[in-house]
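This report concerns only the one structure given below.
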Amino acid sequence: TPLAQTDAGVAGGGGFSRTAIGAAIRLTSDGLSAARGHPSGDEGALHGTVMGAVPMQSFRGRGKYFEVSIDKTASHRSKQPDGLAVGVTARPPEEVRAPLASSDALVPSWLLGFDGATWDGAAQKWGECDWSGKDLSAGDSLGVLVDEARGELVVFVNGKRRATGPAGIPESPLYAVVDLLSAVRGVTLKPDARPPEPTPAASPKTSDLAPPKKGEHAPPKKSEALQKKSEPAPLKKSAASRSAAPTSASGRAAAPAAAST
């Protein structure tokens with residue numbers, strides 16, 4: 001598809017930018033799908049970056065989020081060290097000089113993936129993570145969230161939290177970034193996607209609770225405690241009857257014998 005000169009009219013302005021784009025990328029007419037132009041992958045891993053044409057959508061209580069579906073992967077992906085990189089940039093596409101050779105050339109940008117690496121463009125620092133995206137398959141969904149609480153980059157694969165990247169990302173308008181490096185060859189932006197719901201913390205099972213240590217007594221159940229609280233206090237014995245009561249070896253008063261019937 002020939003590259004247009006502006007982003008106007010591309011999926012209502014909500015697709016990938018047609019100006020801030022890598023030389024190896026081709027977009028569909030609606031601007032929602034991007035793919036490397038050489039299916040064989042002979043052009044190498046560079047020049048495969050795309051970015052959103054408009055700022056990412058914000059979701060109250062969660063943060064800024066975008067999601068893509070994986071359209072195609074390389075047949076020889078097991079030989080590729082990189083899968084793809086995803087993340088965000090604070091630079092609008094109209095300020096980006098094209099063509100983009102790589103996603104970390106966007107200043108500033110915050111990314112993760114590659115061959116198991118993270119990039120903090122504000123600090124100009126590389127880090128490590130345990131996810132590269134090289135094992136993604138066609139049909140997988142890949143979500144990217146900038147967490148509202150910490151400004152942390154979080155990746156979801158098929159709705160499940162998979163990896164985290166740099167934190168402290170500013171609250172300024174952010175744009176989606178996808179870098180098709182080697183194993184992943186094409187993606188489609190999902191404009192109506194919403195961030196996955198946070199997983200609630202699981203309550204401990206009864207069997208998981210530690211038993212009382214030797215010599216300790218388990219705390220009474222709530223119902224037992226309420227029952228004891230509602231019972232009337234026993235009548236006080238006279239000094240004579242207290243002195244006459246037999247005691248156990250521990251010094252506590254021994255319980256009275258059961259009455260015979």
Side-chain angles (χ1 to χ4, degrees), residues 1-39 41 43 45-59 63-74 83-113 133 136-146 153 155-158 172-195:
T1 304
L3 298 183
Q5 297 303 310
T6 68
D7 293 325
V10 177
F16 290 119
S17 169
R18 291 187 179 275
T19 58
I21 192 172
I25 292 296
R26 296 296 179 265
L27 298 181
T28 53
S29 58
D30 60 6
L32 293 178
S33 297
R36 296 194 72 101
H38 302 279
E43 82 285 2
L46 296 178
H47 308 288
T49 301
V50 290
M51 64 176 292
V54 297
M56 294 164 57
Q57 187 174 356
S58 295
F59 296 87
K64 296 179 174 66
Y65 182 78
F66 78 90
E67 184 172 320
V68 296
S69 60
I70 307 301
D71 294 336
K72 62 178 72 173
T73 58
L84 83 170
V86 290
V88 298
T89 181
R91 185 169 294 277
E94 59 268 21
E95 297 181 7
V96 175
R97 294 182 62 183
L100 285 171
S102 62
S103 53
D104 57 295
L106 290 165
V107 181
S109 59
W110 298 266
L111 309 160
L112 65 82
L136 290 168
S137 299
D140 285 343
S141 292
L142 182 63
V144 179
L145 173 73
V146 177
L153 191 64
V155 162
F156 297 85
V157 177
N158 295 326
S172 59
L174 299 173
Y175 298 80
V177 177
V178 180
D179 197 345
L180 303 180
L181 294 168
S182 296
V184 178
R185 314 299 297 174
V187 296
T188 293
L189 193 63
K190 302 168 72 173
D192 297 327
R194 301 180 62 86

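Computation of the quantities below employed the complete heavy-atom set of this structure, encompassing side-chain atoms and omitting hydrogens, waters and symmetry-equivalent molecules. Counting begins at 1 with the first residue of the sequence.
A donor-acceptor pair is defined here as one N or O able to donate and one able to accept, closer than 3.5 Å; no such pair exists between the side chain of Arg185 and the backbone of Ala74.
Side-chain contact check for Leu84 versus Val86: some heavy-atom pair is nearer than 4.5 Å. Looking at Leu142 and Val155, their side chains come closer than 4.5 Å, going by heavy atoms from C-beta outward. At a threshold of 4.5 Å between non-hydrogen side-chain atoms, the residues Lys64 and Val88 do not count as touching. At a threshold of 4.5 Å between non-hydrogen side-chain atoms, the residues Ile70 and Val187 count as touching. Side-chain atoms of Ile25 and Thr49, non-hydrogen and from C-beta on, never get closer than 4.5 Å to each other. Proximity of Leu189 to Val68: side-chain heavy atoms (C-beta onward) are separated by under 4.5 Å at one or more points. Proximity of Ile21 to Leu100: side-chain heavy atoms (C-beta onward) are nowhere separated by under 4.5 Å.
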Practice prompt. Any chance you could lay out the side chain to side chain contact (heavy atoms under 4.5 Å, CB included) test for Ser137 and Thr73, step after step, and finish with the verdict?
Written response: CA-CA 7 Å; Ser137 299; Thr73 58; 5.6 Å; no

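Remark: Glu67 CD to Asp192 CG distance equals 10.5 Å, nearest 0.5 Å. Taking CG of Leu112 as the start and OG of Ser103 as the end, the distance is 10.5 Å to the nearest 0.5 Å. Atom OG of Ser109 is separated from atom CG of Leu174 by 11.0 Å, given to the nearest 0.5 angstrom. Rounded to the nearest 0.5 Å, atoms CG (Leu153) and CH2 (Trp110) are 10.0 Å apart.
Considering every non-hydrogen atom in both Arg18 and Thr28, the closest pair reads NH2-O, 2.6 Å. Pro195 approaches Leu145 most closely through the heavy-atom pair CB-CD1, 4.3 Å. Contact between Val50 and Ala34 at its shortest, heavy atoms only, is CG1-CB, 3.9 Å. Across all their heavy atoms, Pro191 and Gln57 have their closest contact at O-OE1, 4.5 Å. In terms of heavy atoms, Lys190 sits closest to Ser141 at NZ-OG, 3.2 Å. Looking at every heavy atom in both residues, Gly52 comes nearest to Pro93 through O-CG, 3.8 Å.
Partners of Thr89 under the side-chain hydrogen bond (donor to acceptor under 3.5 Å, both in side chains) rule, at least two apart in sequence or in another chain, do not exist in this structure. Partners of Pro92 by side-chain contact (heavy atoms from CB on, under 4.5 Å), not counting sequence neighbours, listed by chain and number: Glu94, Glu95, Tyr175. Under the side-chain contact (heavy atoms from CB on, under 4.5 Å) criterion, Ala101 pairs with His47, not counting sequence neighbours. Checked against side-chain hydrogen bond (donor to acceptor under 3.5 Å, both in side chains), Thr188 has the following partners two or more places apart in sequence or in another chain: Ser33, Asp71. The side-chain contact (heavy atoms from CB on, under 4.5 Å) search around Ala176 returns Met56, Phe66, not counting sequence neighbours. Residues satisfying the side-chain contact (heavy atoms from CB on, under 4.5 Å) test with Pro99, not counting sequence neighbours, are Ala23.
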